[in-house]
Amino acid sequence: MKSEVIVEEGFVYKDETHLTVSKTTLFFAGDGYTAYDCKGELVFRVDSYGSDARDTDELVLMDASGRCLLTVRRKRPSLHQRWEGFVGERMEGEKPIFSVRRSSIIGRCNVAVEVYTNPVEEYQIEGSFANRHCTIFNAEKEIVAEIRRKVDASTNVVLGKDVFVLSLKPGFDGAFGMGLVLVLDQIDGDDLPDEDEGGDHGMYVEPTQEN
């Protein structure tokens, strides 16, 4: 897979990278995110202070120091919940660098992504974000990133859905991938039925080399 910078070159990793993403409830009503690397160092953060996170039309992705990397904004009106991404802090009249839309309003997560490079790059997201089980494909149907439930290595227990893993293939822009996570949380989130019979409680899994 070729290396491509969409948001920032510093987050395009040469090796496969696994980020632990945590959805956090802040002092104010609303949800935020933090993402840590395998060394436990903060990579990304998102703060949301709205009265209802579902009503949030604009979210800002920051690095560990609080610098704005990416703004994702809901485009209204939009039948298929279209979102747009802007480098840094969005300015009035600025053109987006990518757009995300849900391919089908009903059913499992099926999301189309267009990156406004020359020529336009297309990505497809398949799976169920509500169950933290998504795969991101490029136009050549190569896997560029995956979202999976996180397994505690010491106990082999699957953690709750507020903690999951974003796996980035070499050459894929991690800031772009994290931006897609924010959009998926808004357009899909927990709106779909929970396919796990055990709900959001931890469950034991047989240890594998991948875990």
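Note that the numbering runs from 1 along the sequence shown for the chain. Just so it is clear, the model here is predicted, and its values are computed rather than measured.
- Of the inter-residue distances, the one linking Leu42 atom CG with Met62 atom CE reads 9.5 Å to the nearest 0.5 angstrom.
- Residues Tyr13 and Ile136 share a hydrophobic cluster, clusters being chains of Ile/Leu/Val/Met/Phe/Trp/Tyr side chains in contact below 4.5 Å.
- Atom CD of Glu89 sits about 11.5 Å away from atom CG of Leu69, to the nearest 0.5 Å.
- Residue Thr117 comes nearest to Pro119 through the heavy atom pair OG1-O, 2.6 Å, listed as atom of the first residue, atom of the second, then distance.
- The backbone N or O of Asp15 sits less than 3.5 Å from a side-chain atom of Thr17, completing a donor-acceptor pair.
- Here Arg67 contributes atom CZ and Leu61 contributes atom CG; the two are 10.0 Å apart, rounded to the nearest 0.5 Å.
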Salt bridge (Lys or Arg N to Asp or Glu O under 4.0 Å) for Arg73 and Glu94? Distances and angles first, verdict last.
CA-CA 12 Å; Arg73 186 173 189 267; Glu94 181 182 356; over 6 Å; no
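- Between Lys150 and Thr20 there is a side-chain heavy-atom pair separated by less than 4.5 Å.
- The aromatic rings of Phe164 and Phe129 lie perpendicular to each other, with more than 60° between the two planes, well past the 30° mark.
- When every heavy atom of Val43 is checked against every heavy atom of Tyr36, the shortest pair comes out as CG2-C, 4.3 Å.
- Side-chain contact between Val100 and Glu114: absent, with no pair of heavy atoms (C-beta onward) separated by less than 4.5 Å.
- A distance-only check finds a donor-acceptor pair linking the side chain of Asp173 to the backbone of Val7 [under 3.5 Å].
- If you check the side chains of Arg148 and Thr135, you find a donor sitting under 3.5 Å from an acceptor.
- Distance check: Thr71 OG1 to Ile97 CD1 gives 9.5 Å after rounding to the nearest 0.5 Å.
- No donor-acceptor distance shorter than 3.5 angstrom exists from the side chain of Asn110 to the backbone of Glu126, with no hydrogens or angles considered.
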Residue pair Leu159, Val151: steps toward the side chain to side chain contact (heavy atoms under 4.5 Å, CB included) verdict
CA-CA 6 Å; Leu159 302 181; Val151 177; over 6 Å; no
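- No continuous path of ILVMFWY side-chain contacts below 4.5 Å connects Val60 to Phe86, so the two sit in separate hydrophobic clusters.
- In terms of heavy-atom proximity, Leu19 sits nearest to Asp37 at CD2-CA, 3.9 Å.
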Steps toward side chain to side chain contact (heavy atoms under 4.5 Å, CB included) verdict (Val21, Val165)
CA-CA 6 Å; Val21 183; Val165 175; over 6 Å; no
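- Counting only heavy atoms from C-beta outward, the side chains of Leu182 and Tyr33 approach each other to under 4.5 Å.
- Lys169 forms no cation-pi arrangement with Phe172, by the criterion of a distance under 6.0 Å to the ring centre and an angle within 45° of the ring axis.
- A side-chain N or O of His18 and one of Ser167 form a donor-acceptor pair less than 3.5 Å apart.
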Intermediate values then yes/no, salt bridge (Lys or Arg N to Asp or Glu O under 4.0 Å), Glu84 and Arg101:
CA-CA 9 Å; Glu84 295 176 326; Arg101 66 178 175 84; over 6 Å; no
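- There is no side-chain donor-acceptor pair under 3.5 Å between Gln186 and Asp57.
- For Leu166 against Ala145, the heavy-atom pair with the smallest separation is CD1-CB, 4.5 Å.
- In the hydrophobic cluster analysis, where Ile, Leu, Val, Met, Phe, Trp and Tyr join through side-chain heavy atoms closer than 4.5 angstrom, Val87 is grouped together with Met178.
- Here the closest heavy-atom approach between residue Glu16 and residue Pro170 is recorded as N-CG, 3.6 Å.
- Here CG of Leu184 is found 5.5 Å from SG of Cys134. Values are rounded to the nearest 0.5 Å.
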What verdict does the side chain to side chain contact (heavy atoms under 4.5 Å, CB included) test give for Arg149 and Lys161, after you've listed the backbone C-alpha separation in whole Å, the side-chain angles of each residue and the deciding distance to 0.1 Å?
CA-CA 7 Å; Arg149 299 282 291 272; Lys161 294 177 187 175; 3.6 Å; yes
The test is salt bridge (Lys or Arg N to Asp or Glu O under 4.0 Å); show your working for Lys23 and Asp185 and say whether it passes.
CA-CA 10 Å; Lys23 193 171 184 180; Asp185 187 41; 3.1 Å; yes
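- Ile147 CD1 to Asn131 CG: the interatomic distance, rounded to the nearest 0.5 Å, is 12.0 Å.
- Applying the ring-ring contact (aromatic ring centres under 6.0 Å, His included) test between Phe98 and each of Tyr116, Tyr123, Phe176 identifies Phe176 as the sole match.
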Step by step, would you call Asn138 with Glu122 a side-chain hydrogen bond (donor to acceptor under 3.5 Å, both in side chains)?
CA-CA 6 Å; Asn138 61 15; Glu122 295 183 348; over 6 Å; no
